[in-house]
Amino acid sequence: MSLERFINQAISSWMSAEGPDSDIVLSSRIRLARNIKQYKFPTLFSNEEAEAVIEKIKARVEHSSFSKLGEMELLLMHNLQPLQKRVLMEKHLISPHLAENSTHGACLLSENEEVSIMINEEDHIRIQCLFPGFQLSEALNMANEIDDWLEEEADYAFDEDIGFLTSCPTNVGTGLRASVMMHLPGLVLTQQMNRIIPAINQLGLVVRGIYGEGSEALGNIFQVSNQITLGKSEEDIAEDLKSVVSQLISQERSAREALAKTSNIQLEDRVFRSYGVLSNSRIIESKEAAQCLSDVRLGIDMKYIKNISKNILNELMILTQPGFLQQYAGGQLRPHERDIRRASLIRERLKMEDQELGG
Amino acid sequence: MICQECNQRPATLHFTKVVNGEKAEFHLCEKCAQEKGEMFMLGSGSGFSINNLLAGLLNIQPAFQGSGQDPFQQEKVLQCEQCSLTFQQFIKVGRFGCASCYETFKDQLNPILRRLHSGNSSHSGKIPARIGGTIHLRRNIDDLKNHLKEMISKEEFERAAELRDEIRKLERQLNADQKGGE
(Lines give C-alpha, C1' and ligand atoms only; values in the text may rest on other atoms or scores of the structure.)
Protein backbone atom coordinates (compact mmCIF):
# COMPACT_ATOMS: atom_id res chain seq x y z
CA MET A 1 0.00 0.00 0.00
CA SER A 2 1.31 3.48 -0.76
CA LEU A 3 2.02 5.68 2.19
CA GLU A 4 -0.42 8.27 0.96
CA ARG A 5 -3.28 5.80 0.86
CA PHE A 6 -2.28 4.36 4.21
CA ILE A 7 -2.31 7.80 5.78
CA ASN A 8 -5.65 8.68 4.25
CA GLN A 9 -7.13 5.57 5.72
CA ALA A 10 -5.39 5.93 9.02
CA ILE A 11 -6.10 9.49 10.04
CA SER A 12 -9.35 10.47 11.67
CA SER A 13 -10.80 13.91 11.51
CA TRP A 14 -9.61 14.84 14.98
CA MET A 15 -6.02 14.55 13.80
CA SER A 16 -6.39 17.24 11.19
CA ALA A 17 -4.99 20.54 12.23
CA GLU A 18 -8.31 22.30 11.68
CA GLY A 19 -10.22 23.75 14.58
CA PRO A 20 -9.96 26.73 16.93
CA ASP A 21 -6.55 27.36 18.51
CA SER A 22 -5.21 24.29 16.79
CA ASP A 23 -1.68 25.66 16.90
CA ILE A 24 -1.70 24.70 20.59
CA VAL A 25 -4.75 22.56 21.26
CA LEU A 26 -4.56 19.33 19.28
CA SER A 27 -7.88 17.87 20.34
CA SER A 28 -10.78 18.12 22.79
CA ARG A 29 -12.41 15.05 24.19
CA ILE A 30 -15.57 14.37 26.19
CA ARG A 31 -16.37 11.02 27.74
CA LEU A 32 -19.63 10.07 29.44
CA ALA A 33 -19.90 6.87 31.48
CA ARG A 34 -23.33 5.22 31.64
CA ASN A 35 -24.73 1.93 32.86
CA ILE A 36 -27.97 0.13 32.23
CA LYS A 37 -29.96 -0.38 35.41
CA GLN A 38 -31.08 -3.99 35.10
CA TYR A 39 -27.67 -5.51 34.36
CA LYS A 40 -24.73 -5.99 36.68
CA PHE A 41 -21.69 -3.83 35.95
CA PRO A 42 -18.99 -5.28 33.65
CA THR A 43 -16.76 -6.41 36.54
CA LEU A 44 -19.40 -8.90 37.63
CA PHE A 45 -21.89 -9.39 34.83
CA SER A 46 -22.66 -12.74 33.28
CA ASN A 47 -22.02 -13.57 29.64
CA GLU A 48 -25.74 -13.34 28.97
CA GLU A 49 -25.92 -9.88 30.49
CA ALA A 50 -22.93 -8.76 28.45
CA GLU A 51 -24.58 -9.98 25.26
CA ALA A 52 -27.80 -8.28 26.28
CA VAL A 53 -26.04 -4.94 26.65
CA ILE A 54 -24.59 -5.24 23.16
CA GLU A 55 -27.97 -6.30 21.77
CA LYS A 56 -29.61 -3.30 23.38
CA ILE A 57 -27.21 -0.85 21.76
CA LYS A 58 -27.45 -2.69 18.46
CA ALA A 59 -31.23 -2.46 18.57
CA ARG A 60 -31.01 1.23 19.26
CA VAL A 61 -28.84 1.80 16.23
CA GLU A 62 -31.06 -0.32 14.02
CA HIS A 63 -34.31 1.32 15.15
CA SER A 64 -33.31 4.83 14.50
CA SER A 65 -29.85 5.87 13.65
CA PHE A 66 -28.55 9.08 15.05
CA SER A 67 -28.85 11.23 11.97
CA LYS A 68 -25.97 13.56 12.78
CA LEU A 69 -23.47 10.75 12.75
CA GLY A 70 -24.40 8.92 9.59
CA GLU A 71 -23.64 5.22 9.45
CA MET A 72 -22.29 3.74 12.64
CA GLU A 73 -20.14 0.66 12.55
CA LEU A 74 -20.25 -1.90 15.32
CA LEU A 75 -16.95 -3.64 16.03
CA LEU A 76 -16.90 -6.64 18.34
CA MET A 77 -13.57 -6.93 20.13
CA HIS A 78 -13.41 -10.71 19.90
CA ASN A 79 -13.64 -10.48 16.10
CA LEU A 80 -10.59 -8.24 15.85
CA GLN A 81 -6.94 -9.20 15.57
CA PRO A 82 -4.72 -7.94 18.40
CA LEU A 83 -3.01 -5.61 15.93
CA GLN A 84 -6.31 -4.11 14.79
CA LYS A 85 -7.26 -3.43 18.39
CA ARG A 86 -3.89 -1.85 19.02
CA VAL A 87 -4.35 0.49 16.06
CA LEU A 88 -7.80 1.57 17.31
CA MET A 89 -6.22 2.21 20.68
CA GLU A 90 -3.39 4.26 19.20
CA LYS A 91 -5.98 6.36 17.42
CA HIS A 92 -7.61 6.93 20.83
CA LEU A 93 -10.86 5.42 19.57
CA ILE A 94 -10.90 2.67 22.17
CA SER A 95 -9.24 2.51 25.56
CA PRO A 96 -6.42 0.12 26.46
CA HIS A 97 -8.86 -1.46 28.90
CA LEU A 98 -11.34 -2.30 26.14
CA ALA A 99 -8.60 -3.58 23.85
CA GLU A 100 -6.93 -5.82 26.39
CA ASN A 101 -9.24 -6.81 29.18
CA SER A 102 -12.82 -6.90 28.14
CA THR A 103 -14.21 -10.23 27.06
CA HIS A 104 -17.45 -8.87 25.67
CA GLY A 105 -16.26 -5.48 24.55
CA ALA A 106 -17.55 -3.73 21.50
CA CYS A 107 -17.31 -0.33 19.98
CA LEU A 108 -19.69 1.70 17.87
CA LEU A 109 -17.78 4.04 15.59
CA SER A 110 -19.05 6.97 13.60
CA GLU A 111 -17.88 7.31 10.03
CA ASN A 112 -15.62 10.32 10.65
CA GLU A 113 -14.36 8.69 13.85
CA GLU A 114 -15.26 11.71 15.95
CA VAL A 115 -17.65 9.61 17.99
CA SER A 116 -16.94 6.25 19.49
CA ILE A 117 -19.26 4.48 21.87
CA MET A 118 -17.45 1.84 23.87
CA ILE A 119 -19.61 -1.00 25.11
CA ASN A 120 -18.80 -3.20 28.11
CA GLU A 121 -15.64 -1.40 29.01
CA GLU A 122 -15.42 -0.56 32.71
CA ASP A 123 -19.00 0.63 32.37
CA HIS A 124 -21.69 -0.65 30.02
CA ILE A 125 -21.58 2.44 27.88
CA ARG A 126 -18.90 5.03 27.38
CA ILE A 127 -19.68 7.77 24.92
CA GLN A 128 -16.61 9.48 23.57
CA CYS A 129 -16.48 12.54 21.35
CA LEU A 130 -13.11 13.60 20.05
CA PHE A 131 -12.94 16.90 18.17
CA PRO A 132 -9.96 18.64 16.57
CA GLY A 133 -8.72 21.86 18.18
CA PHE A 134 -10.26 23.60 21.15
CA GLN A 135 -13.94 22.60 20.91
CA LEU A 136 -14.87 21.36 24.34
CA SER A 137 -18.42 22.75 24.38
CA GLU A 138 -19.10 21.41 20.90
CA ALA A 139 -17.91 17.97 21.98
CA LEU A 140 -20.01 18.15 25.15
CA ASN A 141 -23.12 19.08 23.17
CA MET A 142 -22.58 16.19 20.82
CA ALA A 143 -22.04 13.75 23.70
CA ASN A 144 -25.20 15.00 25.40
CA GLU A 145 -27.26 14.49 22.27
CA ILE A 146 -25.96 10.95 21.84
CA ASP A 147 -26.64 10.33 25.51
CA ASP A 148 -30.28 11.45 25.13
CA TRP A 149 -30.63 9.33 22.02
CA LEU A 150 -29.39 6.21 23.83
CA GLU A 151 -31.48 6.94 26.88
CA GLU A 152 -34.66 6.69 24.84
CA GLU A 153 -34.13 2.94 24.79
CA ALA A 154 -31.98 2.17 27.83
CA ASP A 155 -32.88 2.59 31.50
CA TYR A 156 -29.82 4.20 32.95
CA ALA A 157 -28.57 3.44 36.44
CA PHE A 158 -29.22 6.81 38.06
CA ASP A 159 -29.64 7.98 41.60
CA GLU A 160 -31.28 11.24 42.48
CA ASP A 161 -28.62 12.12 45.05
CA ILE A 162 -25.43 10.91 43.46
CA GLY A 163 -26.29 10.97 39.80
CA PHE A 164 -25.21 8.46 37.20
CA LEU A 165 -23.94 5.30 38.85
CA THR A 166 -20.65 3.99 37.54
CA SER A 167 -18.56 0.95 38.16
CA CYS A 168 -15.85 3.01 39.83
CA PRO A 169 -16.82 5.67 42.38
CA THR A 170 -14.30 8.07 40.82
CA ASN A 171 -16.69 8.57 37.90
CA VAL A 172 -20.00 8.75 39.74
CA GLY A 173 -22.21 11.82 39.32
CA THR A 174 -21.86 13.19 35.85
CA GLY A 175 -19.74 10.31 34.58
CA LEU A 176 -17.98 13.02 32.64
CA ARG A 177 -14.34 13.22 31.82
CA ALA A 178 -13.40 16.22 29.73
CA SER A 179 -9.89 16.44 28.44
CA VAL A 180 -7.84 18.60 26.15
CA MET A 181 -4.61 17.60 24.46
CA MET A 182 -2.13 20.45 24.20
CA HIS A 183 1.24 20.98 22.57
CA LEU A 184 3.21 23.15 24.99
CA PRO A 185 6.84 23.33 23.84
CA GLY A 186 7.17 26.99 24.82
CA LEU A 187 6.25 26.34 28.45
CA VAL A 188 8.55 23.31 28.57
CA LEU A 189 11.51 25.14 27.02
CA THR A 190 11.11 28.05 29.42
CA GLN A 191 10.80 25.52 32.24
CA GLN A 192 7.44 26.70 33.44
CA MET A 193 5.59 23.38 33.39
CA ASN A 194 6.92 22.30 36.78
CA ARG A 195 5.40 25.38 38.29
CA ILE A 196 2.15 25.15 36.33
CA ILE A 197 1.26 21.50 36.91
CA PRO A 198 0.89 21.72 40.71
CA ALA A 199 -1.18 24.90 40.32
CA ILE A 200 -3.53 23.14 37.93
CA ASN A 201 -3.79 20.16 40.27
CA GLN A 202 -5.00 22.43 43.01
CA LEU A 203 -7.98 23.33 40.85
CA GLY A 204 -9.12 19.71 40.74
CA LEU A 205 -7.70 19.16 37.27
CA VAL A 206 -5.04 16.68 36.21
CA VAL A 207 -2.16 17.09 33.78
CA ARG A 208 -0.69 14.01 32.15
CA GLY A 209 1.44 12.96 29.24
CA ILE A 210 -0.15 12.09 25.93
CA TYR A 211 -1.00 8.46 26.48
CA GLY A 212 -3.18 8.86 29.49
CA GLU A 213 -2.38 7.83 32.96
CA GLY A 214 1.14 7.70 34.25
CA SER A 215 2.90 8.38 30.98
CA GLU A 216 5.45 11.11 30.69
CA ALA A 217 4.91 14.00 28.33
CA LEU A 218 6.28 12.66 25.07
CA GLY A 219 6.87 15.40 22.54
CA ASN A 220 5.69 18.16 24.88
CA ILE A 221 2.12 16.99 24.53
CA PHE A 222 0.03 17.23 27.66
CA GLN A 223 -3.46 16.18 28.47
CA VAL A 224 -5.44 18.31 30.90
CA SER A 225 -8.62 16.82 32.33
CA ASN A 226 -11.06 17.06 35.20
CA GLN A 227 -10.75 14.75 38.18
CA ILE A 228 -13.97 15.54 39.98
CA THR A 229 -17.21 14.20 38.50
CA LEU A 230 -19.59 14.74 41.40
CA GLY A 231 -21.11 17.96 42.66
CA LYS A 232 -20.54 20.09 39.59
CA SER A 233 -22.70 20.26 36.51
CA GLU A 234 -21.36 19.07 33.16
CA GLU A 235 -21.28 22.64 31.89
CA ASP A 236 -19.37 23.86 34.94
CA ILE A 237 -16.82 21.07 34.59
CA ALA A 238 -16.30 21.98 30.95
CA GLU A 239 -16.16 25.70 31.73
CA ASP A 240 -13.59 25.24 34.48
CA LEU A 241 -11.41 23.21 32.17
CA LYS A 242 -11.90 25.70 29.36
CA SER A 243 -10.79 28.62 31.47
CA VAL A 244 -7.62 26.82 32.56
CA VAL A 245 -6.88 25.76 28.97
CA SER A 246 -7.41 29.34 27.76
CA GLN A 247 -4.89 30.54 30.29
CA LEU A 248 -2.44 27.85 29.25
CA ILE A 249 -2.87 28.90 25.62
CA SER A 250 -2.06 32.51 26.36
CA GLN A 251 0.89 31.55 28.56
CA GLU A 252 2.21 29.27 25.86
CA ARG A 253 1.88 32.06 23.30
CA SER A 254 3.77 34.52 25.45
CA ALA A 255 6.44 31.91 26.18
CA ARG A 256 6.90 31.47 22.43
CA GLU A 257 7.12 35.21 21.92
CA ALA A 258 9.67 35.51 24.69
CA LEU A 259 11.71 32.69 23.17
CA ALA A 260 11.65 34.34 19.77
CA LYS A 261 12.88 37.56 21.32
CA THR A 262 15.59 36.23 23.60
CA SER A 263 16.91 33.20 21.79
CA ASN A 264 15.72 33.41 18.25
CA ILE A 265 18.78 31.86 16.63
CA GLN A 266 19.06 29.08 19.19
CA LEU A 267 15.45 28.19 18.65
CA GLU A 268 15.77 28.27 14.89
CA ASP A 269 18.84 26.07 15.18
CA ARG A 270 16.98 23.59 17.34
CA VAL A 271 14.05 23.45 14.94
CA PHE A 272 16.22 22.82 11.89
CA ARG A 273 18.42 20.29 13.66
CA SER A 274 15.33 18.30 14.53
CA TYR A 275 14.11 18.67 10.97
CA GLY A 276 17.46 17.32 9.85
CA VAL A 277 17.19 14.34 12.15
CA LEU A 278 13.69 13.51 10.96
CA SER A 279 14.50 13.81 7.28
CA ASN A 280 17.77 11.88 7.46
CA SER A 281 17.81 9.32 10.22
CA ARG A 282 17.67 5.61 9.44
CA ILE A 283 16.85 4.44 12.98
CA ILE A 284 14.75 6.48 15.35
CA GLU A 285 13.19 5.65 18.71
CA SER A 286 9.72 6.89 19.56
CA LYS A 287 11.01 9.22 22.24
CA GLU A 288 13.42 10.99 19.92
CA ALA A 289 10.88 11.07 17.12
CA ALA A 290 8.34 12.68 19.44
CA GLN A 291 10.81 15.34 20.56
CA CYS A 292 11.89 16.16 17.00
CA LEU A 293 8.30 16.26 15.76
CA SER A 294 7.48 18.67 18.54
CA ASP A 295 10.40 20.92 17.52
CA VAL A 296 9.38 20.85 13.87
CA ARG A 297 5.78 21.64 14.71
CA LEU A 298 6.94 24.57 16.82
CA GLY A 299 9.09 25.67 13.88
CA ILE A 300 6.04 25.58 11.61
CA ASP A 301 3.90 27.51 14.09
CA MET A 302 6.64 30.12 14.51
CA LYS A 303 7.19 30.36 10.75
CA TYR A 304 10.80 29.17 10.70
CA ILE A 305 9.65 26.34 8.47
CA LYS A 306 7.22 27.35 5.79
CA ASN A 307 6.82 24.46 3.41
CA ILE A 308 5.39 21.77 5.66
CA SER A 309 1.76 21.33 6.55
CA LYS A 310 0.78 21.85 10.17
CA ASN A 311 -0.90 18.54 10.80
CA ILE A 312 2.34 16.65 10.33
CA LEU A 313 2.87 16.45 14.09
CA ASN A 314 -0.65 15.18 14.79
CA GLU A 315 -0.39 12.67 12.01
CA LEU A 316 3.07 11.33 12.64
CA MET A 317 2.63 11.13 16.41
CA ILE A 318 -0.14 8.64 15.71
CA LEU A 319 1.36 6.84 12.75
CA THR A 320 4.74 6.16 14.32
CA GLN A 321 3.32 4.15 17.20
CA PRO A 322 4.13 0.43 17.25
CA GLY A 323 0.66 -0.74 16.18
CA PHE A 324 0.50 1.48 13.14
CA LEU A 325 4.06 0.73 12.09
CA GLN A 326 3.28 -2.96 12.16
CA GLN A 327 0.05 -2.52 10.28
CA TYR A 328 1.88 -0.55 7.61
CA ALA A 329 4.58 -3.20 7.49
CA GLY A 330 1.92 -5.86 7.26
CA GLY A 331 3.21 -8.00 10.11
CA GLN A 332 4.90 -8.25 13.48
CA LEU A 333 8.03 -6.15 14.01
CA ARG A 334 10.62 -6.39 16.73
CA PRO A 335 11.43 -3.13 18.57
CA HIS A 336 14.61 -2.62 16.60
CA GLU A 337 12.81 -3.15 13.31
CA ARG A 338 10.16 -0.68 14.38
CA ASP A 339 12.78 2.00 14.89
CA ILE A 340 13.99 1.45 11.33
CA ARG A 341 10.43 1.48 9.98
CA ARG A 342 9.64 4.58 11.95
CA ALA A 343 12.60 6.42 10.48
CA SER A 344 11.69 5.46 6.95
CA LEU A 345 8.02 6.31 7.37
CA ILE A 346 8.91 9.77 8.65
CA ARG A 347 11.38 10.34 5.80
CA GLU A 348 8.81 9.26 3.25
CA ARG A 349 6.13 11.45 4.78
CA LEU A 350 8.42 14.48 4.70
CA LYS A 351 9.25 13.75 1.06
CA MET A 352 5.54 13.76 0.28
CA GLU A 353 5.42 17.35 1.53
CA ASP A 354 8.16 18.37 -0.91
CA GLN A 355 6.37 16.76 -3.80
CA GLU A 356 3.04 18.31 -2.95
CA LEU A 357 4.58 21.73 -2.96
CA GLY A 358 6.62 21.07 -6.04
CA GLY A 359 3.68 19.75 -7.98
CA MET B 1 19.90 9.89 51.49
CA ILE B 2 21.00 9.95 47.86
CA CYS B 3 19.02 8.24 45.10
CA GLN B 4 20.50 4.80 44.45
CA GLU B 5 19.76 5.00 40.76
CA CYS B 6 21.39 8.24 39.66
CA ASN B 7 23.53 8.85 42.76
CA GLN B 8 22.88 12.54 42.34
CA ARG B 9 19.56 13.76 43.57
CA PRO B 10 18.22 13.20 47.09
CA ALA B 11 15.98 10.15 47.41
CA THR B 12 12.37 11.09 48.10
CA LEU B 13 10.68 7.76 47.44
CA HIS B 14 11.42 4.84 49.72
CA PHE B 15 9.80 1.50 49.27
CA THR B 16 10.28 -2.15 50.04
CA LYS B 17 9.49 -4.85 47.57
CA VAL B 18 8.91 -8.41 48.72
CA VAL B 19 8.99 -11.08 46.05
CA ASN B 20 8.79 -14.71 47.21
CA GLY B 21 9.99 -13.70 50.64
CA GLU B 22 13.02 -11.88 49.20
CA LYS B 23 13.07 -8.36 50.54
CA ALA B 24 14.57 -5.52 48.55
CA GLU B 25 14.68 -1.86 49.51
CA PHE B 26 14.58 0.99 47.05
CA HIS B 27 15.49 4.61 47.59
CA LEU B 28 14.85 6.73 44.56
CA CYS B 29 14.54 10.37 43.60
CA GLU B 30 11.36 11.53 41.93
CA LYS B 31 12.85 11.46 38.44
CA CYS B 32 14.28 7.95 38.63
CA ALA B 33 11.15 6.73 40.34
CA GLN B 34 9.15 7.96 37.40
CA GLU B 35 11.43 6.25 34.93
CA LYS B 36 11.43 3.05 36.91
CA GLY B 37 7.71 3.30 37.46
CA GLU B 38 7.23 3.48 33.74
CA MET B 39 9.14 0.24 33.38
CA PHE B 40 6.97 -1.49 35.94
CA MET B 41 3.86 -0.22 34.29
CA LEU B 42 4.83 -1.39 30.85
CA GLY B 43 5.43 -4.78 32.36
CA SER B 44 2.03 -5.01 33.93
CA GLY B 45 0.40 -3.95 30.70
CA SER B 46 -1.98 -1.45 32.20
CA GLY B 47 -1.57 2.16 33.17
CA PHE B 48 -1.21 3.37 36.68
CA SER B 49 -4.38 5.20 37.46
CA ILE B 50 -6.35 6.91 40.14
CA ASN B 51 -8.64 3.92 39.95
CA ASN B 52 -5.84 1.61 40.94
CA LEU B 53 -5.00 3.90 43.80
CA LEU B 54 -8.55 3.77 45.00
CA ALA B 55 -8.28 0.35 46.56
CA GLY B 56 -5.42 1.71 48.67
CA LEU B 57 -7.39 4.76 49.60
CA LEU B 58 -10.33 2.68 50.75
CA ASN B 59 -8.14 0.51 52.87
CA ILE B 60 -6.97 3.39 55.00
CA GLN B 61 -10.50 4.45 55.83
CA PRO B 62 -10.24 4.57 59.62
CA ALA B 63 -13.70 3.04 59.99
CA PHE B 64 -12.51 -0.25 58.56
CA GLN B 65 -9.14 -0.50 60.20
CA GLY B 66 -10.60 -2.12 63.27
CA SER B 67 -12.19 -4.91 61.32
CA GLY B 68 -10.31 -8.12 60.88
CA GLN B 69 -7.98 -7.48 63.80
CA ASP B 70 -10.03 -9.49 66.20
CA PRO B 71 -10.79 -12.85 64.64
CA PHE B 72 -13.19 -13.82 67.42
CA GLN B 73 -15.47 -10.90 66.96
CA GLN B 74 -18.39 -11.86 64.78
CA GLU B 75 -18.47 -9.40 61.96
CA LYS B 76 -21.60 -8.65 60.07
CA VAL B 77 -20.75 -9.11 56.45
CA LEU B 78 -22.13 -6.33 54.36
CA GLN B 79 -23.17 -7.77 51.05
CA CYS B 80 -25.11 -6.51 48.06
CA GLU B 81 -28.30 -8.51 47.57
CA GLN B 82 -28.34 -7.96 43.88
CA CYS B 83 -24.85 -9.02 42.84
CA SER B 84 -23.53 -10.49 46.14
CA LEU B 85 -20.46 -8.26 46.20
CA THR B 86 -19.18 -7.81 49.74
CA PHE B 87 -17.69 -4.60 50.99
CA GLN B 88 -14.34 -6.31 51.49
CA GLN B 89 -14.37 -7.33 47.84
CA PHE B 90 -15.20 -3.80 46.82
CA ILE B 91 -12.24 -2.50 48.80
CA LYS B 92 -10.00 -4.92 46.97
CA VAL B 93 -11.06 -4.12 43.42
CA GLY B 94 -12.36 -0.59 43.80
CA ARG B 95 -15.29 -1.33 41.50
CA PHE B 96 -18.94 -1.89 42.27
CA GLY B 97 -20.83 -4.87 40.95
CA CYS B 98 -24.16 -3.28 40.13
CA ALA B 99 -26.31 -0.22 40.64
CA SER B 100 -27.74 -1.57 43.91
CA CYS B 101 -24.28 -1.59 45.50
CA TYR B 102 -24.54 2.18 45.83
CA GLU B 103 -27.61 1.73 48.02
CA THR B 104 -26.18 -1.22 49.99
CA PHE B 105 -22.91 0.53 50.85
CA LYS B 106 -24.39 3.99 51.14
CA ASP B 107 -23.15 4.71 54.66
CA GLN B 108 -19.61 3.60 53.90
CA LEU B 109 -19.59 5.32 50.56
CA ASN B 110 -20.37 8.87 51.56
CA PRO B 111 -17.02 9.70 53.18
CA ILE B 112 -15.26 8.04 50.24
CA LEU B 113 -17.13 10.13 47.70
CA ARG B 114 -16.33 13.29 49.60
CA ARG B 115 -12.69 12.37 49.56
CA LEU B 116 -12.66 11.59 45.85
CA HIS B 117 -14.64 14.60 44.75
CA SER B 118 -13.22 17.32 46.97
CA GLY B 119 -16.00 17.41 49.51
CA ASN B 120 -18.92 16.91 47.16
CA SER B 121 -21.38 14.13 47.76
CA SER B 122 -24.42 15.12 45.75
CA HIS B 123 -25.02 15.29 42.04
CA SER B 124 -25.92 18.61 40.49
CA GLY B 125 -25.55 17.81 36.82
CA LYS B 126 -27.59 16.22 34.11
CA ILE B 127 -30.76 14.25 34.83
CA PRO B 128 -31.81 11.67 32.27
CA ALA B 129 -34.96 12.87 30.55
CA ARG B 130 -37.03 9.70 30.58
CA ILE B 131 -36.31 8.05 33.91
CA GLY B 132 -35.58 11.36 35.61
CA GLY B 133 -39.35 11.92 35.85
CA THR B 134 -40.22 14.54 38.39
CA ILE B 135 -36.65 15.16 39.50
CA HIS B 136 -36.35 17.96 36.96
CA LEU B 137 -39.42 19.65 38.29
CA ARG B 138 -38.47 19.26 41.92
CA ARG B 139 -35.00 20.58 41.30
CA ASN B 140 -36.44 23.50 39.43
CA ILE B 141 -38.68 24.31 42.39
CA ASP B 142 -35.74 24.12 44.79
CA ASP B 143 -33.77 26.51 42.64
CA LEU B 144 -36.65 28.96 42.52
CA LYS B 145 -37.10 28.74 46.28
CA ASN B 146 -33.47 29.62 46.83
CA HIS B 147 -33.86 32.46 44.41
CA LEU B 148 -36.95 33.61 46.28
CA LYS B 149 -35.09 33.75 49.60
CA GLU B 150 -32.38 35.78 47.95
CA MET B 151 -34.90 38.25 46.56
CA ILE B 152 -36.61 38.62 49.92
CA SER B 153 -33.33 39.33 51.64
CA LYS B 154 -32.61 41.94 48.99
CA GLU B 155 -36.10 43.33 49.58
CA GLU B 156 -37.01 42.98 45.94
CA PHE B 157 -40.58 42.05 46.74
CA GLU B 158 -42.03 42.51 43.31
CA ARG B 159 -39.69 39.90 41.84
CA ALA B 160 -40.25 37.71 44.91
CA ALA B 161 -43.99 37.70 44.33
CA GLU B 162 -43.45 36.61 40.76
CA LEU B 163 -41.22 33.79 41.91
CA ARG B 164 -43.75 32.71 44.50
CA ASP B 165 -46.44 32.43 41.83
CA GLU B 166 -44.11 30.47 39.61
CA ILE B 167 -43.26 28.07 42.43
CA ARG B 168 -46.95 27.52 43.15
CA LYS B 169 -47.59 26.75 39.53
CA LEU B 170 -44.78 24.22 39.38
CA GLU B 171 -45.87 22.62 42.63
CA ARG B 172 -49.35 22.11 41.28
CA GLN B 173 -47.84 20.54 38.20
CA LEU B 174 -45.68 18.29 40.38
CA ASN B 175 -48.69 17.12 42.37
CA ALA B 176 -50.59 16.38 39.20
CA ASP B 177 -47.61 14.46 37.77
CA GLN B 178 -47.21 12.40 40.90
CA LYS B 179 -50.89 11.50 40.99
CA GLY B 180 -50.84 10.68 37.34
CA GLY B 181 -47.86 8.42 37.85
CA GLU B 182 -49.51 6.36 40.54
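Throughout, a chain's letter reflects where its sequence line sits, starting with A, and its residues are numbered from 1.
In this structure, T43(A) contributes its side chain and F96(B) its backbone to a donor-acceptor pair below 3.5 Å. Looking at H117(B), its side chain never comes within 3.5 Å of a backbone N or O of I228(A) through a donor-acceptor pair.
The contact between D155(A) and chain B is made by backbone and side chain atoms together, counting heavy-atom distances below 4.5 Å. Residue E235(A) does not touch chain B at all, counting heavy-atom pairs closer than 4.5 Å. For chain B, no part of V206(A) is nearby; none of its heavy atoms comes within less than 4.5 Å. Only the backbone of E153(A) comes within less than 4.5 Å of a heavy atom of chain B; no side-chain atom from C-beta onward does.
Taking every heavy atom of both residues into account, L44(A) and G97(B) meet most closely at CD1-CA, 3.4 Å. Between C168(A) and G94(B), the closest heavy-atom pair is SG-O, 3.9 Å. Across all their heavy atoms, S124(B) and G231(A) have their closest contact at OG-O, 2.8 Å. The shortest non-hydrogen separation linking Y102(B) to P169(A) is OH-CA, 3.9 Å. Of all non-hydrogen atoms in Y156(A) and P128(B), the two that sit nearest each other are CD1-CB, 4.4 Å. The two atoms that bring D159(A) and E103(B) nearest to each other are OD2-OE1, 4.4 Å, heavy atoms only.
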Going through the checks in order, is the side-chain contact (heavy atoms from CB on, under 4.5 Å) test met by K106(B) and D161(A)?
CA-CA 11 Å; K106(B) 201 172 187 170; D161(A) 291 328; 4.3 Å; yes
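Here the options are L176(A), N144(A), T174(A), the test is side chain to side chain contact (heavy atoms under 4.5 Å, CB included), and the partner is K126(B); only N144(A) passes.
By the neighbour-count criterion of 12 heavy atoms within 6.0 Å, atom CD of E145(A) is densely surrounded, having more than that number from other residues, nucleotides or ligands.
Distance check, rounded to the nearest 0.5 Å: CG of L230(A) to OG of S121(B) gives 6.5 Å. Note that CG of L116(B) and CD of Q227(A) are 8.5 Å apart. Values are rounded to the nearest 0.5 Å. Taking SG from C98(B) and NZ from K37(A), the interatomic distance works out to 12.0 Å, rounded to the nearest 0.5 Å. Once rounded to the nearest 0.5 Å, the distance linking CZ of F164(A) with NE2 of H123(B) reads 5.5 Å. With rounding to the nearest 0.5 Å, the separation of CG in N110(B) from CD1 in I162(A) is 7.5 Å. Taking OG of S84(B) as the start and NZ of K40(A) as the end, the distance is 7.0 Å to the nearest 0.5 Å.
Taking D148(A), T229(A), N35(A), D147(A) one by one and counting their heavy-atom pairs under 4.5 Å with chain B, the maximum is reached by T229(A). Between chain B and the options A157(A), S167(A), G175(A), P42(A), heavy-atom pairs under 4.5 Å are most frequent for S167(A).
Under the 4.0 Å criterion applied to side-chain N and carboxylate O atoms, D123(A) and R95(B) are not assigned as salt-bridge partners.
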